[in-house]
Every structure is written in structure tokens, then in C-alpha cells.
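Here's the structure, in C-alpha cells; my notes come after.
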Amino acid sequence: MQRFPDLRGVQSLFWRLVAAPEGVAAAVGSEDLSYLIRPDARLGAVERLDIYADMYFYRLRDCLAEDFPKLAARVGAAHFHNLVTDYLLAHPPRHFSLRELGRALPDFTGSHALERSFPALADLARLEWARVEVFDDADAAPLCWQRLLEGGAAAPESFAATLIPSARLLRLDASVLALWRGDPAEPGERIGVRVWRKGFAVHHRSLATDEERCLRELAAGGVTLARLGELVGNAPRLAALLDLWARDGLIAESEARDTPDR
Amino acid sequence: MNSVPDLGHGVGLRREHFGRVLEGPTRVDWFEVISENFMGKGGRPLHVLERVRRDYPVALHGVSLSIGSTDPLDRDYLDRLRELADRVEPAWVSDHLCWTGVGGHNAHDLLPLPYTEEALEHVVARVEAVQEHLGRRIALENVSTYLHFAGSTLPEWEFLAEVAHRADCGILLDVNNVYVSAVNHGFDPEKYLAAVPADRVWQVHLAGHTDCGSHLLDTHSRRVCDEVWGLYRFATRRIGAVASLIEWDEEIPDWDTLEAESLRARAVRQEA
Ligand SMILES: [Fe+2]
């Protein structure tokens with residue numbers, strides 16, 4: 001009989017068997033594990049390892065289902081189970097936090113066969129992941145309309161703003177917004193979408209072209225009101241956008257910086 | 001003599017109860033939170049934790065320390081834990097006597113150790129390194145296990161006591177885990193509890209489990225069972241008044257049901 005391995009050996013072997021995509025029994029094959037695990041009358045070594053294998057898989061699957069509820073609902077339980085199996089094989093969890101588990105799932109979904117049966121699936125996952133990310137991103141004090149009037153109107157060349165940390169700008173298939181609500185939709189053009197947290201609530205909404213242009217520059221930080229005026233091209237429209245951003249708590253005051261194309 | 005305060009009877013703070021707890025008042029004495037859930041940069045979890053901390057003692061309970069792994073300690077994790085502890089000023093910081101991954105992987109599960117002299121020395125050295133890094137002592141919790149390694153040379157209770165003694169750390173005694181492992185491996189849970197060094201126990205966990213027929217599974221999905229209440233009474237007579245905490249993580253009940261479990265722990269301890 002084989003000797004009991006050292007701690008490193010025990011852990012490596014345990015891991016290989018418990019995370020085996022083909023299942024513990026297939027991974028063990030005909031090997032006698034009694035040198036490793038003490039069997040008893042109730043359960044053998046494979047069955048005992050199976051308890052851990054199940055806990056490993058189902059905990060991770062449930063975590064992904066919680067972070068990607070719309071994706072899970074769109075493909076249904078069986079497809080989602082298979083997607084997770086394939087994903088964990090390609091991207092076994094490495095981070096100490098379960099919060100990071102789904103980081104690579106949107107891109108992985110894009111390369112998965114399911115994307116052909118469910119168009120825009122990866123984009124739906126991108127939207128869901130952005131919502132996970134902003135949920136506990138850093139807090140910021142958003143710019144209110146009054147401060148914009150006082151500071152901004154007085155010094156448009158030096159008063160600068162930035163996108164808040166808990167906001168993301170995405171480009172997604174337009175059908176994703178309907179799919180997220182659970183409505184049927186055909187794939188369409190790609191549009192800009194912003195995801196952000198206001199207070200503790202996470203929101204998303206589509207972007208007009210000029211708004212997207214402004215927000216992409218604001219994301220780099222330190223954009224003056226004068227520069228925003230150039231980007232938008234007319235004052236009433238800029239005032240409307242600033243009003244919207246102030247109400248959504250989307251931008252914060254920042255130091256001005258040199259804009260790239262001036 | 002025990003070196004930490006008796007915080008009374010608490011519950012694990014879960015997001016389903018954030019609103020109710022902030023609304024207050026509650027009849028629980030303290031809260032335990034899962035450290036990793038509050039390592040974000042902002043947002044609701046940290047806000048809630050800081051509000052709760054104003055009114056209650058809080059302990060940080062981690063699941064990713066992986067003290068028994070043969071991978072190097074995760075310095076990034078330890079930095080984040082230290083940062084969180086500096087922010088929250090918890091009554092104490094705890095994690096589990098187990099490993100959670102190897103080869104850079106993380107199972108996000110509490111995996112069993114062989115109870116050998118090699119594992120003992122390995123864990124003790126790492127607890128010392130962690131305590132050094134955090135600038136505080138930690139408590140380690142016994143976990144539920146579903147297999148027994150053929151190479152184990154010590155019973156679990158001796159292994160736990162030896163770790164605590166050699167590394168000079170605390171013990172978070174999970175009475176339900178003792179019961180689950182006792183049934184799964186066929187040992188006497190009272191023998192386990194009798195062997196735990198009373199002066200090292202900082203805290204007790206109480207939770208529910210699921211009977212799967214061939215074994216018990218530590219699910220935290222229901223009320224504490226009568227056998228575990230009996231063992232809690234037995235443990236209390238031995239170790240005296242230490243903080244108790246109800247864990248409930250699956251099929252989370254309404255606040256009143258959870259609070260009632262904590263009040264029951266208070267009653268059982270008073271009667272003991
Ligand atoms: Fe526990």
C-alpha cells in the first residue's frame with residue numbers, strides 16, 4: 001500500500017480529485033484510496049470526497065447565479081449549469097473573495113457555444129458584472145446642481161468634474177436593456193450604456209451620442225465645463241446634461257487637467 | 001483566565017436583516033460579520049457595518065485565511081483584513097482551522113486537515129505569522145468534516161488544543177461542528193468538548209445542520225437542534241460565560257426567528 005503523503009501531497013491530490021470536472025469517481029478510477037482516507041461502514045473514500053466536490057461546485061454555481069441572475073434566467077438551469085462547469089474549468093477561482101468569481105464570465109460567455117443560441121448573452125453578462133462592480137465601489141460626493149451653478153458658472157475654464165468611481169461606461173448590443181428586463185428582443189446596433197450607483201441603489205441607462213462622448217472624457221477625470229461645452233456644442237443641451245448628471249449623482253468635482261486634444 | 005470579554009449572545013449579520021437591524025432596537029448583544037463581505041471600497045455593506053458598529057460590539061469572522069494551506073499566505077488578503085480591522089475595531093478576528101485551496105486555487109470551502117505533527121507545526125508557524133502581520137491574536141474555529149485522513153495521528157480535539165497552545169491563539173468553538181463531525185466520524189462529542197482548553201475559548205458558534213442520511217451536512221439552514229443545545233449546556237458548564245453566536249446562512253429566516261435563537265442561547269446559558 002502507498003504511504004500517506006506529506007501535507008502538500010495530501011492537498012494537491014485532494015484538490016485534483018474534488019475539482020475534477022469528470023467527477024471524483026472517474027478521477028479516482030480503480031485506485032485504492034484507503035492509504036489516504038479511512039473508509040467506514042457508511043461511506044467510502046470516493047463518496048466522502050464527493051461531498052466536498054458537490055459543495056465546491058454548487059457553492060460557486062450559486063454565487064454566479066446570484067451575480068448573473070438575468071443570464072441564468074435567460075439560458076435556463078441546465079445550460080447555466082453547463083456554462084458554469086466549463087467556466088470553472090477554464091477559470092478556477094483564485095481570488096480570496098467570491099465577489100471576484102464572475103470577473104471573467106462575460107468574456108468567457110462570448111466565446112462559448114451558448115452565445116450562438118442566445119445572441120448578446122455576453123453583453124447581458126457584461127451589464128450584470130458592471131452592476132456587481134459598482135455595488136461596493138468607493139463612495140464619492142456627487143456634484144449637486146447648486147455647486148455647479150456657483151463654481152461652474154463662475155469659472156468654466158477651471159471648474160472641473162470627473163465621473164464618480166462607482167460608475168462604468170459600456171458598449172453593448174441595444175437588445176440587452178430589454179433582455180435585462182426579461183422582455184424579448186432581437187440583436188441590434190451597439191449603444192453606449194452607463195451603470196452607476198446612486199446612494200446604495202445600482203442603476204443603468206442607455207446613452208445619447210453626445211452624452212457618451214462627454215462621459216468617456218469625464219471618466220479620465222478633470223474635465224472643465226468649458227471643455228464639456230466644446231464637446232456638446234450648444235449651451236442649452238449642456239445645461240440639460242449637467243442637470244441630468246446632477247440628479248443621477250453621476251459626476252464629482254475634481255482638479256482640472258489638460259484635455260488630450262487641445 | 002480568559003483574555004477576551006464575554007460579549008453575551010449575538011447573531012451573524014446577514015444582508016437580509018440590514019434594514020431591520022439599522023431600524024433597531026434589537027435584543028441581541030453583538031454581531032459577527034463575514035470579513036470578506038466588507039472588503040469592498042464603499043457602498044451599502046461598509047455603511048451598514050459602520051452604523052452597526054456604533055451600537056454593538058462586532059467580531060470579524062473570515063473564511064479565506066486558509067491557515068492550513070501549503071501555499072504561501074496571501075499578503076494582499078492579510079493587508080485588506082488588517083485595514084478592515086483598523087476601521088471596525090472588532091472585539092476579535094477569527095477564521096477556521098482548515099485550508100481553502102492549493103496551487104493558487106480557492107475552493108471557497110473549509111477543507112479538512114490531516115491531524116499530524118507536520119500539519120500542526122505548519123499551522124502554528126502560520127498563525128504566528130498572521131498574528132504578527134495583523135498586530136493582534138486571532139481565534140481559530142473547528143470545522144465540520146466529512147472524511148478522516150488515514151495518516152492522522154492525533155484526535156481533532158488534541159490537534160485544536162495543541163495549535164492554540166503552541167501558537168498562543170484563541171479558539172472559536174463551534175458546538176454544531178463538533179456534533180456534525182462526531183456523528184460523521186463516530187466519536188463522542190462530550191469527549192471532544194471536555195478536552196478543549198476552557199481558558200482559550202473566546203467564542204462559541206451555534207448553528208443548524210442537515211441530516212443527509214449517510215452523514216450530517218453543516219448547512220446553517222435551520223434552527224439549532226436539541227442535541228446541540230444539550231452540548232452547548234455541557235460546554236457552558238465547563239468553559240463558563242463566553243460569547244455565543246447563532247449562524248444562519250441558508251434559508252435565512254425573518255429577524256424575529258433569528259433573534260429568538262439568540263435569546264434561547266441566553267436562556268440555556270443562564271440555566272447551565
Ligand atoms: Fe461556525
Side-chain angles (χ1 to χ4, degrees), chain A residues 1-16 18-19 33-43 45 47-57 59-60 62-63 92-101 133-140 165-166 197 199-202, chain B residues 18 36-48 62-66 68-71 74 76-78 80-81 99-114 116 118-119 121-123 145-153 184-186 212-215 217-218 250:
Chain A
M1 196 166 81
Q2 265 181 276
R3 283 188 48 199
F4 188 72
D6 66 5
L7 187 57
R8 184 76 182 171
V10 168
Q11 293 180 342
S12 303
L13 180 57
F14 184 101
W15 184 272
R16 183 170 66 75
V18 162
L33 286 183
S34 58
Y35 75 96
L36 184 71
I37 293 162
R38 195 180 66 187
D40 71 10
R42 276 177 305 173
L43 293 170
E47 290 151 316
R48 290 184 178 275
L49 286 167
D50 254 333
I51 298 171
Y52 287 98
D54 281 351
M55 286 196 295
Y56 170 72
F57 180 79
R59 171 168 290 127
L60 300 181
D62 291 351
C63 169
R94 292 180 172 276
H95 199 268
F96 63 76
S97 175
L98 266 180
R99 153 81 158 67
E100 292 297 310
L101 181 65
E133 282 204 307
V134 303
F135 171 75
D136 61 358
D137 248 328
D139 303 316
S166 56
R197 193 182 81 226
F200 302 133
V202 176
Chain B
F18 279 179
E36 290 78 1
N37 292 348
F38 297 87
M39 287 182 178
K41 300 189 197 92
R44 186 157 188 246
L46 274 176
H47 170 83
V48 170
V63 292
S64 295
L65 183 59
S66 202
S69 173
T70 49
D71 276 2
D74 185 337
D76 179 35
Y77 174 74
L78 290 176
R80 302 269 284 273
L81 183 57
W99 58 290
T100 60
V102 74
H105 298 132
N106 191 332
H108 298 285
D109 194 6
L110 310 172
L111 306 175
L113 283 165
T116 61
E118 183 206 5
E121 281 169 20
H122 179 71
V123 169
T145 61
Y146 308 101
L147 59 77
H148 184 96
F149 284 110
S152 287
T153 53
N184 288 347
H185 307 304
C212 301
S214 58
H215 61 283
L217 202 59
D218 177 36
E250 303 271 327

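The sequence lines fix the lettering, A, B, ..., with proteins before strands; numbering per chain opens at 1. The model shown is predicted, which means the values in this text are computed figures rather than measured ones.
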With sequence neighbours excluded, tell me which residues meet side chain to side chain donor-acceptor pair (under 3.5 Å) with A:R99.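 Side chain to side chain donor-acceptor pair (under 3.5 Å) list for A:R99, sorted by chain: A:D136.
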Quick one: [atom1] on [X] to [atom2] on [Y], what's the gap to the nearest 0.5 Å?
X      : Y      : atom1 : atom2 : value
B:L147 : A:Y52  : CG    : OH    : 4.5 Å
A:L98  : B:N106 : CG    : CG    : 7.5 Å
B:F149 : A:F14  : CZ    : CZ    : 5.5 Å
B:D76  : A:F96  : CG    : CZ    : 5.0 Å
A:H95  : B:E36  : NE2   : CD    : 10.5 Å
B:H148 : A:D40  : NE2   : CG    : 10.5 Å

Non-hydrogen atoms of [X] and [Y] that approach each other most closely:
X      : Y      : result
B:A150 : A:S34  : CB-O, 3.6 Å
A:L60  : B:A107 : CD2-O, 4.3 Å
B:H185 : A:R42  : N-NH2, 4.2 Å

Side chain / backbone / both / neither for [X] at chain A, heavy atoms under 4.5 Å:
X      : value
B:S66  : neither
B:L65  : neither
B:L110 : backbone
B:D109 : both
B:N37  : neither

Specify which of [options] makes the most heavy-atom pairs with chain A at under 4.5 Å.
options                       : value
B:R80, B:H108, B:H122         : B:H108
B:P114, B:G101, B:G62, B:S152 : B:P114
B:L111, B:D74, B:T100         : B:L111

Contact leader toward chain B among [options], where contacts are heavy-atom pairs under 4.5 Å:
options                     : value
A:V134, A:L101, A:D6, A:L33 : A:D6
A:R48, A:R94, A:Q11         : A:Q11
A:L43, A:L49, A:L36         : A:L36

Taking C-beta and beyond as the side chain, do B:L217 and A:I51 meet within less than 4.5 Å on heavy atoms?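 B:L217 vs A:I51: side chains touch.
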Give every donor-acceptor pair under 3.5 Å between a side-chain atom in residues 39-47 of chain B and any protein atom, sequence neighbours left out.
none

Heavy-atom distances under 4.5 Å only: say whether A:R8 touches chain B with side chain, backbone, both or neither.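 For A:R8, the contact with chain B is made by backbone and side chain together.
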Under 4.5 Å from a heavy atom of chain B, the part of A:F135 involved: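 Its backbone and side chain both get close to chain B.
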Would one find more than 12 heavy atoms of other residues, nucleotides or ligands at under 6.0 Å from atom CD of B:E118?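 It does: B:E118 CD has more than 12 such atoms within range.
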